[in-house]
Undergrad: 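Attaching a single structure in structure tokens format; questions to follow.
Residue numbering restarts at 1 for every chain, and letters A, B, ... go by the order of the sequence lines. This one's a predicted model, so the numbers in the text were calculated from it and none came from an experiment.
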Amino acid sequence: MKFVVVLFIIALAAWYLSYSATRLDRLHHRVETSWANLDGLLQRRAAIAIEIARSEISDPASAMLLTFAAHQAREASVRDRSQAETGLSGALGILLEASNEISGEIEKDLIRELQELTEKIKMAVAIHVDAVNRTQLVRKKIINRIFRLAGTAPEPVTYEFEGDVL
Amino acid sequence: MPLSKKRIGIVCPYGWDTPGGVQSHVSDLAEYLIRQGHFVSVLAPAIHDENLPDYVTSAGRPIAIPYNGAVARVLFGPIAFARVRQWISQGSFDVLHLHEPAIPSISLLACWAAEGPMVGTFHAAAKRQKVTFAVAPFLEPVIEKLTARIAVSEAARETLTEHLETDAIVVPNGIYASKYRNGVVDPKWAGNTLGFIGRFEEPRKGLSVLIAALPQIIVEIPDIKIFVAGPGESSEMLKEMQPSLRSRFFFLGRISEEEKANFLTSVGLYIAPNTGGESFGIILAEALAAGASVVASDIPAFDSLLGHGQYGTLFNSEDPDDLASKVIALFKDESTRQEIAERGKEYAQSFDWDVVADKIYDVYEMAMVGGSGVTLSSENRAWNKLLGRQS
């Protein structure tokens, strides 16, 4: 009888561990895909920023600033990324404060594209931040730490983004 | 909008044949997406299998259970779960959209059974209850499978953050703004009139607050009339009223969609004295779109929908004196009333399905980035092997 109870407990524990591992794996997957999505959108934003820098909207000084910020954002490592992107947001913000005065169809299109992209980036940030927070929370659970259920997956990095461009 | 056509599966937790906010949201959204050329399948409980639109699959008969202070017609249990699994595996969807997945229903079952891109929309706004502490450990691992979460209002978002410690993107409910924009003024409802639409017998709709405010309003505006539209037994309501007030009330019963637009355009003021239990307030969005000047109680949902009083006038909830003074002030100041209504009408265009459905589709796109499509969950596969089922 005792043997059966012990066996049952072991089976239950094994099921719980495998269940927890699946859960963590899924969360890490969510972090990765939401980051891939956000990264893609940010790359597109940097590309548009460079285009804006080359267009007639910008004077030479802001063109320089913008190009510099865009390149920095593209080349930054994951950890420095949020700072670099915030820099780019700032540079775009300064330039676009007067965006209603902009004439010219191509320029207007660029601004519109940037606005739409900004909306999407806000969403993507919310989705990614949520995935990261959730993952960090679950990783911290004692049982997951003891049994190293997270395996070799890197700890997700919190990404802060100044969403208030435009 | 979309360049590629997607296969979208939507799960509605409440009985399809009972009228309700979530059901009409789901049907409007599904029809919109179908018009955009997507393949859409809706899974919902239904009492009668006949008369369902082509895109709806019945998951079985709903059961009426008391949940969160109201009676919800939902469905769960092993047979429902089998249907949900079958629907998911046959649908080969690119994305699943689950409505109200945090209540015991087929939405929750679908979230549990599926793996892949999933979006959840949270409609309800409720105060924090002790019981959520008890259910959260079961709910959280399931809810966290959702790739992205949508809340229909700030109030719904706060509820979600409080209950499940997770954030959401706010995308409002949709209306067909063009239907209301072209409402025509009907002289029989125009003038010094107040309008009210809803199940007036339900205490939380707050008609009693309006009745209590009326004697004061009559003193200042002697020819005031009140039109009440919506299903219910009006004789009970009239019997309880002071005899002097009875002649002021006109109960119209249920009105058609077209009449509704004209009604909202015509009335002097639209009054929403609800005392609570609202998460979004779709009727206010419709009233604004029709160009009505709105007076509403300051419950969280209305406060956020009316931009803290920018697009309509707010009064202290359940305070008839405040309601009366706000109504009188607006009737005395025609230009302010017009101005607020104009502002509200323009603002209401942001609730149009063209805008809202686009935003929802943006969220779908983000969820679909992984690109693998929706499959049955692997952990259930182990269970099914154990139980000898095929998966």
Undergrad: Among residues at least two apart in sequence or on other chains, which ones pass ring pair (Phe, Tyr, Trp, His ring centres under 6.0 Å) with His28(A)?
TA: none

Undergrad: Measure Ile143(B) against the heavy atoms of chain A and call it side chain, backbone, both or neither at under 4.5 Å.
TA: neither

Undergrad: Against chain B, label Ala124(A) side chain, backbone, both or neither, depending on which of its atoms sit under 4.5 Å from a heavy atom there.
TA: both

Undergrad: Got a second to check how far Ile127(A)'s CD1 is from Ile169(B)'s CD1, nearest 0.5 Å?
TA: 4.0 Å

Undergrad: Heavy atoms only: give me the nearest Thr33(A)-Val369(B) pair and the separation to one decimal.
TA: O-CG1, 4.0 Å

Undergrad: Answer yes or no: is there an ion pair linking Glu119(A) with Lys359(B), defined by an N-O contact shorter than 4.0 Å?
TA: no

Undergrad: Rounded to the nearest 0.5 Å, how far does CZ of Arg134(A) lie from OG1 of Thr166(B)?
TA: 6.5 Å

Undergrad: Using a cut-off of 6.0 Å, state whether more than 12 heavy atoms not belonging to Gln43(A) lie near its atom CD.
TA: yes

Undergrad: Other residues, nucleotides and ligands only: do more than 12 of their heavy atoms fall within 6.0 Å of CZ on Arg44(A)?
TA: no

Undergrad: Do NZ/NE/NH1/NH2 and the carboxylate oxygens of Glu365(B) and Lys120(A) come within less than 4.0 Å?
TA: yes

Undergrad: For residues 166-175 of chain B, which residue pairs pass the salt bridge (charged side-chain N to carboxylate O under 4.0 Å, His left out) check, not counting sequence neighbours?
TA: Arg157(B)-Asp167(B)

Undergrad: Is it true that Arg30(A) and Glu144(B) make a salt bridge, defined as a side-chain N closer than 4.0 Å to a carboxylate O?
TA: no

Undergrad: Relative to chain B, which segment of Asp130(A) carries a heavy atom at a distance below 4.5 Å: side chain, backbone, both, or neither?
TA: side chain

Undergrad: For the interface with chain B, which of Asn133(A), Asn37(A), Val138(A) has the highest count of heavy-atom pairs at distances below 4.5 Å?
TA: Asn37(A)

Undergrad: Measuring only between side-chain heavy atoms, which start at C-beta, is Met366(B) closer than 4.5 Å to Leu41(A)?
TA: yes

Undergrad: Among Pro141(B), Ala168(B), Ala148(B), which residue has the highest count of heavy-atom pairs closer than 4.5 Å to chain A?
TA: Pro141(B)

